[in-house]
Trainee: 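I'd like to ask some things about the structure below.
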Amino acid sequence: MQMKILLFVLVWMGSVRSTELLAQENNKPVEIKTMTYNIYSARKMGIEAIAIVIKKVDPDVVSLQEVERNTAVNPMDFPKELAALTGMKYYYFAHALTLKQGDYGNVILSKYPLQDTQSFHLSVADDGDDIRSLGYARIEKEGKEFYFATTHLGYKVNDATRLKQVGEILSHVKDLKKPIILGGDLNSRPNSQTMPALQKWFTVACEADVCEWTVPVPKPTYTCDWIIYAPSQAFDVKDYAVQFWADKESDHFPVVGTFVLK
């Protein structure tokens, strides 16, 4: 009887210790290196060149826009092939358009498993713009969970479609129970109507009036690619920079942001 009691006490003490260690681990800040990249369907130099850029950056998670899958330009399962080339084996395709051959959308590429993946089509105003998409996944790194999202907003000069799409994005993410980072080609400059609409929920990782320009390559003149996050108190921004060395692989420069999830 005494031996059973002793074993029970030892098991209980081990359980308490494990719980304490887990709590300590969850309270430890975690660094997350993110990247957003409009790859222009890899039309300029091919999938291998895009993979080299991603491998050089070595992010934890990437948001890709203008991804063609099983098309004449990319006659393969592009996300699957890119995951193999980069060694980032987890990926998720957020469908936007079905083409005559294959399809088109955004991709999340990750070093860590993607859970609770979701994607949504984003509608348009009466301006003839294209259907776009939002995709997100829940990711765990070192005991901390967060959501990572990818999107590509409409390109028309008028903000009407983008504002409509922003409203839909906010409706999808505002009730998520974990912090979120969103990377994308927002086709929005700092002085547009779109950015203040997004900033009702999200925080911009750079100072909006001095954010480095991201398009066009090789001589950029404005910013339209962004990494944003919410809630603001969940993260510290460690680093945020446009990768100007990647000046041949696409018509956009990639953007890299490193965040500390508190």
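Because the structure is predicted, anything quoted here is derived from the model rather than measured.
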Trainee: Would you please name every residue forming a ring pair (Phe, Tyr, Trp, His ring centres under 6.0 Å) with Tyr147, sequence neighbours left out?
Mentor: Tyr136
Trainee: According to salt bridge (charged side-chain N to carboxylate O under 4.0 Å, His left out), does anything in residues 240-260 pair up with another residue at least two apart or in another chain? List the pairs.
Mentor: none
Trainee: Before you tell me yes or no, could you show the steps for Trp213 and Val242 under side-chain contact (heavy atoms from CB on, under 4.5 Å), namely the whole-Å CA-CA distance, both residues' side-chain angles and the distance that decides it to 0.1 Å?
Mentor: CA-CA 7 Å; Trp213 293 340; Val242 177; over 6 Å; no
Trainee: Provide the closest heavy-atom pair for Tyr112 versus Lys141 in the form atom of the first, atom of the second, distance.
Mentor: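 Minimum heavy-atom contact is OH-CE, 3.3 Å.
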Trainee: Please round to the nearest 0.5 Å and tell me the distance separating atom OG of Ser250 and atom CD of Glu66.
Mentor: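 It is 7.0 Å, given to the nearest 0.5 Å.
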Trainee: According to side-chain hydrogen bond (donor to acceptor under 3.5 Å, both in side chains), who are the partners of Ser123, at least two apart in sequence or on a separate chain?
Mentor: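 Once residues adjacent in sequence are excluded, the partners of Ser123 under the side-chain hydrogen bond (donor to acceptor under 3.5 Å, both in side chains) criterion are Glu168.
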Trainee: When you check the side-chain N and O atoms of Gln165 and Thr151, is any donor under 3.5 Å from an acceptor?
Mentor: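 No, because no side-chain N or O of Gln165 sits under 3.5 Å from a partner of the opposite role on Thr151.
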Trainee: Are side-chain heavy atoms of Thr34 and Thr258 found at a separation under 4.5 Å?
Mentor: no
Trainee: Using only atom types and a distance under 3.5 Å, with no angle test, would you say the side chain of Arg132 pairs donor to acceptor with the backbone of Gly105?
Mentor: no
Trainee: For residues Pro190 and Trp226, determine if any side-chain heavy atom of one lies less than 4.5 Å from a side-chain heavy atom of the other.
Mentor: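 A side-chain contact under 4.5 Å exists here.
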Trainee: At what distance, to the nearest 0.5 angstrom, does NE2 of His152 lie from CD of Gln65?
Mentor: 6.5 Å
Trainee: Taking Val61's backbone N and O only, do any of them form a donor-acceptor pair with Ser110's side chain (distance below 3.5 Å, no angle check)?
Mentor: no
Trainee: Suppose clustering is done on Ile, Leu, Val, Met, Phe, Trp and Tyr with side-chain heavy atoms closer than 4.5 Å. Which residues sit in the same group as Ile39?
Mentor: Met35, Tyr37, Ile47, Ile50, Val53, Ile54, Val57, Val62, Leu64, Val67, Met76, Phe78, Leu82, Leu85, Met88, Tyr91, Phe93, Val107, Leu109, Trp245, Val256
Trainee: Between the side chains of Asp127 and Lys164, is the shortest nitrogen-to-carboxylate-oxygen separation below 4.0 Å, so that they form an ion pair?
Mentor: no
Trainee: Any sub-3.5 Å donor-acceptor pair from Asp129's side-chain atoms to Tyr155's backbone N or O?
Mentor: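 Here the side-chain-to-backbone pair exists.
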Trainee: To the closest 0.5 Å, what do you measure between CG (Asp130) and NZ (Lys156)?
Mentor: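 Output value for this atom pair is 8.0 Å.
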Trainee: Got a donor-acceptor contact below 3.5 angstrom from the Thr161 side chain to the Gly154 backbone?
Mentor: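 Checked: no pair found.
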Trainee: Atom CZ of Phe253 and atom OG1 of Thr36: how far apart are they, to the nearest 0.5 Å?
Mentor: 14.5 Å
Trainee: By side-chain hydrogen bond (donor to acceptor under 3.5 Å, both in side chains), which residues pair with Thr150, not counting sequence neighbours?
Mentor: Ser63
Trainee: With salt bridge (charged side-chain N to carboxylate O under 4.0 Å, His left out) as the rule and sequence neighbours excluded, what pairs involving residues 170-190 come up?
Mentor: Glu145-Lys178
Trainee: So which pairs with a foot in residues 37-48 pass salt bridge (charged side-chain N to carboxylate O under 4.0 Å, His left out), sequence neighbours left out?
Mentor: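 Qualifying pairs, neighbours excluded: Arg43-Glu68.
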Trainee: For His121, which residues count as a side-chain hydrogen bond (donor to acceptor under 3.5 Å, both in side chains) partner, sequence neighbours excluded?
Mentor: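 Only His95 meet the side-chain hydrogen bond (donor to acceptor under 3.5 Å, both in side chains) criterion with His121.
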Trainee: Is there a side-chain contact between Ile227 and Leu182 (heavy atoms, below 4.5 Å)?
Mentor: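 A side-chain contact under 4.5 Å is absent here.
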Trainee: May I ask you to test the Leu114-Ile139 pair for a side-chain heavy-atom distance under 4.5 Å?
Mentor: yes
Trainee: Between Thr203 (side chain) and Ala230 (backbone), is there a donor-acceptor pair under 3.5 Å?
Mentor: no
Trainee: Strictly distance-based, threshold 3.5 Å: is any side-chain N or O of Asn106 a donor or acceptor partner for the main-chain N or O of Ser133?
Mentor: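 The answer is yes, because a donor-acceptor pair under 3.5 Å joins these two groups.
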Trainee: Which atom pair, heavy atoms only, marks the closest approach of Ala137 to Ile108?
Mentor: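 Closest heavy-atom pair between Ala137 and Ile108: N-CD1, 4.0 Å.
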Trainee: Check step by step if side-chain contact (heavy atoms from CB on, under 4.5 Å) holds for Gln199 and Val204.
Mentor: CA-CA 7 Å; Gln199 287 172 272; Val204 175; 3.5 Å; yes
Trainee: Could you tell me if the side chain of Thr223 sits less than 4.5 Å from the side chain of Glu212, heavy atoms only?
Mentor: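 No - every pair of side-chain heavy atoms lies 4.5 Å or more apart.
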Trainee: Can you find a pair of side-chain heavy atoms, one from Met195 and one from Ser188, that are under 4.5 Å apart?
Mentor: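 With C-beta onward as the side chain, the pair touches.
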Trainee: For Thr194 and Asp159, what are the C-alpha separation, side-chain angles and deciding distance, and is it a side chain to side chain donor-acceptor pair (under 3.5 Å)?
Mentor: CA-CA 7 Å; Thr194 313; Asp159 281 313; 3.1 Å; yes
Trainee: Any side-chain heavy atom of Val173 sitting closer than 4.5 Å to one from Trp201?
Mentor: yes
Trainee: List the steps and the verdict of side-chain contact (heavy atoms from CB on, under 4.5 Å) for Leu134 and His172.
Mentor: CA-CA 9 Å; Leu134 165 74; His172 288 304; 4.0 Å; yes
Trainee: Would you kindly confirm whether Ile169 and Leu163 end up in one hydrophobic cluster when ILVMFWY residues are joined by side chain heavy atoms under 4.5 Å apart?
Mentor: no
Trainee: Would you say the side chain of Phe235 lies within less than 4.5 Å of the side chain of Ile181, judging by non-hydrogen atoms?
Mentor: yes
Trainee: Could you tell me the separation between the CD atom of Glu142 and the CD1 atom of Ile32, rounded to the nearest 0.5 Å?
Mentor: 9.0 Å
Trainee: Taking only residues two or more places apart in sequence or in another chain, which ones pass side-chain contact (heavy atoms from CB on, under 4.5 Å) with Ala205?
Mentor: Tyr229, Val237, Tyr240, Phe259
Trainee: Please report the shortest heavy-atom distance between Ile180 and Ala149, naming the atom on each side.
Mentor: CD1-CB, 4.0 Å
Trainee: Which residue pairs pass the salt bridge (charged side-chain N to carboxylate O under 4.0 Å, His left out) test with at least one member in residues 235-245, sequence neighbours excluded?
Mentor: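 Qualifying pairs, neighbours excluded: Glu31-Lys238, Asp236-Lys262.
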Trainee: Any chance you could measure Lys89, atom NZ, to Lys80, atom NZ, to the nearest 0.5 Å?
Mentor: 14.0 Å
Trainee: Check which hydrophobic residues are tied to Val215 through side-chain heavy-atom contacts below 4.5 Å, counting indirect links as well, and list them.
Mentor: Tyr222
Trainee: When you group the ILVMFWY residues by side-chain heavy-atom contacts below 4.5 Å and let the links chain together, are Phe120 and Phe202 in the same group?
Mentor: yes
Trainee: Would Val217 end up clustered with Tyr40 when hydrophobic side chains under 4.5 Å apart are linked, directly or stepwise?
Mentor: no
Trainee: side-chain hydrogen bond (donor to acceptor under 3.5 Å, both in side chains) with Asp103: which residues, sequence neighbours excluded?
Mentor: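 Asp103 satisfies side-chain hydrogen bond (donor to acceptor under 3.5 Å, both in side chains) with Arg69 once adjacent residues are dropped.
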Trainee: Take Asn70 and Asn74 through the test side-chain contact (heavy atoms from CB on, under 4.5 Å) and record every step on the way to the result.
Mentor: CA-CA 6 Å; Asn70 300 316; Asn74 293 306; over 6 Å; no
Trainee: Out of curiosity, does Leu122 fall in the hydrophobic cluster containing Ile228 (side-chain heavy atoms, cut-off under 4.5 Å, transitive links)?
Mentor: yes
